[in-house]
Amino acid sequence: MEANRGQNGIQQLLAAEQDAQHIVNAARNAKMARLKQAKEEAEKEIAEYRAQVEYEFKKKVAESSGYSGANVKRLETETDAKINHLKNEAARISHDVVQMLLKNVTTVRN
C-alpha cells in the first residue's frame with residue numbers, strides 16, 4: 001500500500017507540474033499576444049500622428065506660399081502707387097525746378 005500510495009503521490013505531482021506548465025504557457029502566449037497587440041496599436045498611433053503632422057506641415061507650406069504671393073502682390077501695388085505719387089509730384093514741381101535752375105545758371109555772381 002505504501003508503494004501504491006507513493007506512486008499515486010508521484011502521479012499527482014506530475015499532473016500538477018503539467019497543469020502548472022500549461023498555465024505558464026497560456027500566460028506566456030497571452031503576454032506575447034498582448035505585446036503584439038500593443039506594438040500594432042503603437043504603430044497605428046505613430047502612423048496617425050505622422051499623417052497629422054505631415055498634413056499640418058503641408059498646410060503651413062501652402063499658407064506661407066500663398067501668403068508670400070499675397071505679399072508680393074501687395075508690395076507691387078504699394079510700389080506702383082508710390083511711383084505714381086512721385087511722378088505726379090515731379091510733374092507738379094518740375095516747372096518750378098526748371099525756373100530755379102535757369103535763374104541760378106543765368107545769374108552771374110562776382
Side-chain angles (χ1 to χ4, degrees):
M1 273 239 188
E2 289 291 324
N4 194 17
R5 204 168 159 187
Q7 192 73 343
N8 197 13
I10 292 174
Q11 291 298 326
Q12 286 179 341
L13 286 174
L14 288 174
E17 185 180 353
Q18 285 181 347
D19 287 343
Q21 189 63 39
H22 289 301
I23 292 170
V24 168
N25 285 338
R28 185 176 293 133
N29 289 339
K31 179 181 176 184
M32 294 301 290
R34 179 62 187 128
L35 286 173
K36 184 178 178 182
Q37 180 185 3
K39 181 180 177 184
E40 290 171 355
E41 288 174 3
E43 288 174 350
K44 181 181 175 185
E45 286 181 26
I46 289 170
E48 289 173 359
Y49 179 74
R50 179 174 289 146
Q52 177 187 359
V53 169
E54 189 171 323
Y55 171 77
E56 290 175 5
F57 173 74
K58 287 181 179 180
K59 183 178 174 183
K60 286 189 180 203
V61 167
E63 286 175 358
S64 66
S65 295
Y67 188 69
S68 294
N71 278 341
V72 169
K73 188 69 172 171
R74 181 183 56 83
L75 289 174
E76 286 177 351
T77 304
E78 288 177 5
T79 303
D80 289 342
K82 287 180 182 179
I83 289 172
N84 286 336
H85 175 72
L86 289 174
K87 284 182 179 178
N88 290 337
E89 286 297 309
R92 186 179 62 84
I93 63 170
S94 66
H95 179 71
D96 293 338
V97 171
V98 169
Q99 291 302 318
M100 181 183 70
L101 286 173
L102 284 175
K103 179 182 172 189
N104 285 328
V105 169
T106 57
T107 304
V108 178
R109 292 190 185 165
N110 286 334

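Considering only residues two or more places apart in sequence or on other chains, Leu14 meets the side chain to side chain contact (heavy atoms under 4.5 Å, CB included) condition with Ile10, Glu17. Under the rule for a side chain to side chain contact (heavy atoms under 4.5 Å, CB included), Asn29 has no partner lying at least two apart in sequence or in another chain. Applying the side-chain hydrogen bond (donor to acceptor under 3.5 Å, both in side chains) criterion to Lys58, with sequence neighbours excluded, gives Glu54. Applying the side chain to side chain contact (heavy atoms under 4.5 Å, CB included) test to Glu41 and every residue at least two apart in sequence or in another chain returns Arg34, Gln37. Residues passing the side-chain hydrogen bond (donor to acceptor under 3.5 Å, both in side chains) test with Arg28, sequence neighbours excluded: Asn25. A search for side-chain hydrogen bond (donor to acceptor under 3.5 Å, both in side chains) contacts involving Gln11 returns nothing, not counting sequence neighbours. In this view, Glu78 and Arg74 satisfy the side-chain hydrogen bond (donor to acceptor under 3.5 Å, both in side chains) rule, not counting sequence neighbours. Scanning for side chain to side chain contact (heavy atoms under 4.5 Å, CB included) contacts around Glu76 gives Val72, Lys73, with sequence neighbours left out.
The closest side-chain donor-acceptor pair between Gln52 and Glu48, if any, does not fall under 3.5 angstrom.
Hydrophobic clustering, defined by side-chain heavy atoms of Ile, Leu, Val, Met, Phe, Trp and Tyr closer than 4.5 Å, leaves Ile46 isolated from every other such residue. When hydrophobic side chains of Ile, Leu, Val, Met, Phe, Trp and Tyr are connected at separations under 4.5 Å, Leu102 ends up clustered with Val98.
The side-chain heavy atoms of Lys36 and Glu40, taken from C-beta on, include a pair separated by under 4.5 Å.
Contacts classified as side chain to side chain donor-acceptor pair (under 3.5 Å) and involving residues 97-108 (residues at least two apart or in different chains) are not found.
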For residues 79-88, please give each side-chain donor-acceptor pair under 3.5 Å, one per line with the distance, not counting sequence neighbours.
| unit_1 | atom_1 | unit_2 | atom_2 | d |
| --- | --- | --- | --- | --- |
| Thr79 | OG1 | Leu75 | O | 2.7 |
| Asn84 | ND2 | Asp80 | O | 3.3 |
| Asn88 | ND2 | Asn84 | O | 3.3 |

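Using a 4.0 Å cut-off between a side-chain N of Lys or Arg and a carboxylate O of Asp or Glu, Glu89 and Arg92 qualify as a salt bridge.
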